[in-house]
Number of protein chains: 2
Amino acid sequence: MDKQNAIAALSALAQEARLDIFRLLVRAGPDGLAAGQLAECLGLPPATLSFHLKELRHAGLVSFQRESRSLIYSAEFTSMNALLAYLTENCCQGDATTCAAGLCDGTNFVKPKSQKPA
Amino acid sequence: MDKQNAIAALSALAQEARLDIFRLLVRAGPDGLAAGQLAECLGLPPATLSFHLKELRHAGLVSFQRESRSLIYSAEFTSMNALLAYLTENCCQGDATTCAAGLCDGTNFVKPKSQKPA
DNA sequence: TCTATAATTCCATAATATTAAAAATATGGA
DNA sequence: TCCATATTTTTAATATTATGGAATTATAGA
């Protein structure tokens, strides 16, 4: 995950309709949901939903596969996890003992490379 | 963390200057950095930096305290963690066994309430 | 091929966010 | 009090993003 990927992912999630879509897909798990089901669950016009799905796709947060006439969307858990890791990278210079309230001590979220001094 | 808080936090982070500021503060840890140091590190004009710091403050991602003429900003690790938890809430309907690649099994990020079926 | 369904793309309009100069505010020291 | 430093607020121009109707593309079945 580089900075531009992270900004794309954060921008994609920083909007009510897209956050709703993404969280619905996170809850749905690997089986995903069809675009039509998303539109119905969230009460969005098809053109609006499609615009938001494109944003999420471009950010790498969702993918889809066609199944007959439906497009089945699902959350990309790997990208989500990479984003969470990026946000906390090098927290407190990699030194958990200086970290406020133990929030970056490695037990709470994935740390990419722990870069401890030798 | 409710939806509006999450959108505020994601919007705040979804912008290059603010993501840079926030990550610098995450790296700096609890001691934080003065606004002037941030401006110098990132090459931002004071008015621009101040605008972005206000956004981060309103989103609850940073706080500051005055120290003589300087305002020392630091990352709010608690809010950051709450955001990460919100994004993965109810992943795969709380059932880690259905989760793609083991990415929502509780070892990678904080799960708020694990809501397993009885 | 014709029709229905599922979803997307195109487009114009509306709404929101970013930038940074200039002015204002707060602090500390002479 | 006066001046320098540190930072914020105001403001206006600029740029980016969201919305949804209408047209379009893709699939499946009769």
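Chain naming here is simple, since letters A, B, ... match the order of the sequence lines and numbering starts at 1 in each.
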K.L.:
Please state how far atom CG in A:Leu19 lies from atom P in D:dT17, giving the value in whole angstrom units.
P.N.:
18 Å
K.L.:
Within the 4.0 Å heavy-atom criterion, would you say A:Ala35 contacts the bases, only the backbone, or no part of the nucleic acid?
P.N.:
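Answer is sugar-phosphate: A:Ala35 comes under 4.0 Å of backbone atoms only.
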K.L.:
Looking across every strand, which nucleic acid part, if any, lies under 4.0 Å from A:Phe64 by heavy atom: base, sugar-phosphate, or nothing?
P.N.:
nothing
K.L.:
Whole-Å distance between D:dA6 C1' and B:Lys54 NZ?
P.N.:
17 Å
K.L.:
Rounded to whole Å, how long is the line connecting atom CZ of A:Phe51 with atom C1' of D:dT16?
P.N.:
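Whole-Å distance recorded here is 10 Å.
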K.L.:
Does a side-chain N or O of A:His52 approach OP1 or OP2 of D:dT19 to a distance below 4.0 Å, or not?
P.N.:
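For A:His52, the contact criterion (side-chain N or O under 4.0 Å from OP1 or OP2 of D:dT19) is met.
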K.L.:
Base, sugar-phosphate, or nothing: which does A:Ser70 touch, judged by heavy atoms less than 4.0 Å apart?
P.N.:
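Since only primed, P, OP1 and OP2 atoms lie under 4.0 Å of A:Ser70, the category is sugar-phosphate.
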K.L.:
Measure the distance from CG on B:Leu38 to C1' on D:dT8 and round it to the nearest whole Å.
P.N.:
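Distance, rounded to whole Å: 15 Å.
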K.L.:
DNA chain D: A:Arg66 or A:Ala14, which has the more 5' nearest nucleotide?
P.N.:
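The residue whose closest nucleotide sits nearer the 5' end is A:Ala14.
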K.L.:
With heavy-atom distances below 4.5 Å as the criterion, would you say the side chains of B:Leu25 and B:Leu56 are in contact?
P.N.:
no
K.L.:
Would you mind classifying the nucleic acid contact of A:Ala17 as base, sugar-phosphate or nothing, using non-hydrogen atoms under 4.0 angstrom?
P.N.:
nothing
K.L.:
If you pin B:Tyr73 and A:Thr48 to their nearest nucleotides in DNA chain D, which one's is more 5'?
P.N.:
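First, find each residue's nearest nucleotide; the 5'-ward one identifies B:Tyr73.
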K.L.:
Give me the atom names and distance for the closest heavy-atom approach of A:Ala6 to B:Leu19.
P.N.:
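Closest approach of A:Ala6 to B:Leu19: CB-CD2, 4.1 Å.
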K.L.:
Would you kindly give the CD-to-P distance between B:Glu55 and D:dT9, to the nearest whole Å?
P.N.:
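Atom-to-atom, B:Glu55 to D:dT9, this comes out as 12 Å.
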K.L.:
Between D:dT7 and B:Ser50, is there an OP1 or OP2 to side-chain N/O distance shorter than 4.0 Å?
P.N.:
no
K.L.:
Identify the two heavy atoms, one from A:Gly32 and one from A:Ser74, that lie closest to each other, and give their separation to 0.1 Å.
P.N.:
CA-CB, 3.9 Å
K.L.:
Atom CZ of B:Arg69 and atom P of D:dT8: how far apart are they, to the nearest Å?
P.N.:
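Taking CZ of B:Arg69 and P of D:dT8, I get 15 Å after rounding.
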K.L.:
Without decimals, in angstroms, what is the distance between B:Gln37 CD and D:dA6 P?
P.N.:
11 Å
K.L.:
With heavy atoms of chain B within less than 4.0 Å as the criterion, where does contact along DNA chain C begin and end?
P.N.:
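For DNA chain C, the relevant span reads C:dT18 to C:dG28.
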K.L.:
Would you say D:dT7 has OP1 or OP2 under 4.0 Å from some side-chain N or O of B:Gln65?
P.N.:
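For D:dT7, neither OP1 nor OP2 has a side-chain N or O of B:Gln65 closer than 4.0 Å.
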K.L.:
Whether the side chain of B:Glu76 engages the backbone of B:Ser79 through a donor-acceptor N/O pair (distance < 3.5 Å, no angle test) should be reported.
P.N.:
no
K.L.:
When the distance from CG of A:Leu42 to C1' of D:dT19 is rounded to whole Å, what number comes out?
P.N.:
16 Å
K.L.:
Can you see which heavy atom on B:Leu61 is nearest to which on B:Ala9, and at what distance?
P.N.:
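Residues B:Leu61 and B:Ala9, closest heavy atoms: CD1-O, 3.6 Å.
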K.L.:
Across the strands shown, which category fits A:Ala39 at heavy-atom distances under 4.0 angstrom: base, sugar-phosphate, nothing?
P.N.:
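The answer is nothing, as A:Ala39 stays clear of every strand by at least 4.0 Å.
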K.L.:
Counting any heavy atom closer than 4.0 Å, what does A:Pro45 reach on the DNA or RNA strands: base, sugar-phosphate only, or nothing?
P.N.:
sugar-phosphate
K.L.:
Closest approach of B:Leu53 and B:Ala35, non-hydrogen atoms and distance?
P.N.:
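For B:Leu53 and B:Ala35, the tightest heavy-atom pair comes out as CD1-CB, 4.2 Å.
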K.L.:
If you look at every strand shown and take non-hydrogen atoms under 4.0 Å, does A:Ser68 touch a base, only sugar-phosphate, or nothing?
P.N.:
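Here A:Ser68 touches the backbone only, sparing every base.
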K.L.:
Search all heavy atoms of B:Arg23 against all heavy atoms of A:Tyr86 and return the closest pair with its distance.
P.N.:
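Looking at all heavy atoms of both residues, the closest pair is NH1-O, 2.7 Å.
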K.L.:
Which nucleotide in the list D:dG21, D:dT7, D:dT19 gets nearest to the side chain of B:Pro46?
P.N.:
D:dT7
K.L.:
Flag yes if more than 12 heavy atoms outside B:Gln4 fall under 6.0 Å of its CD atom; otherwise flag no.
P.N.:
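Check passes, neighbour count above 12.
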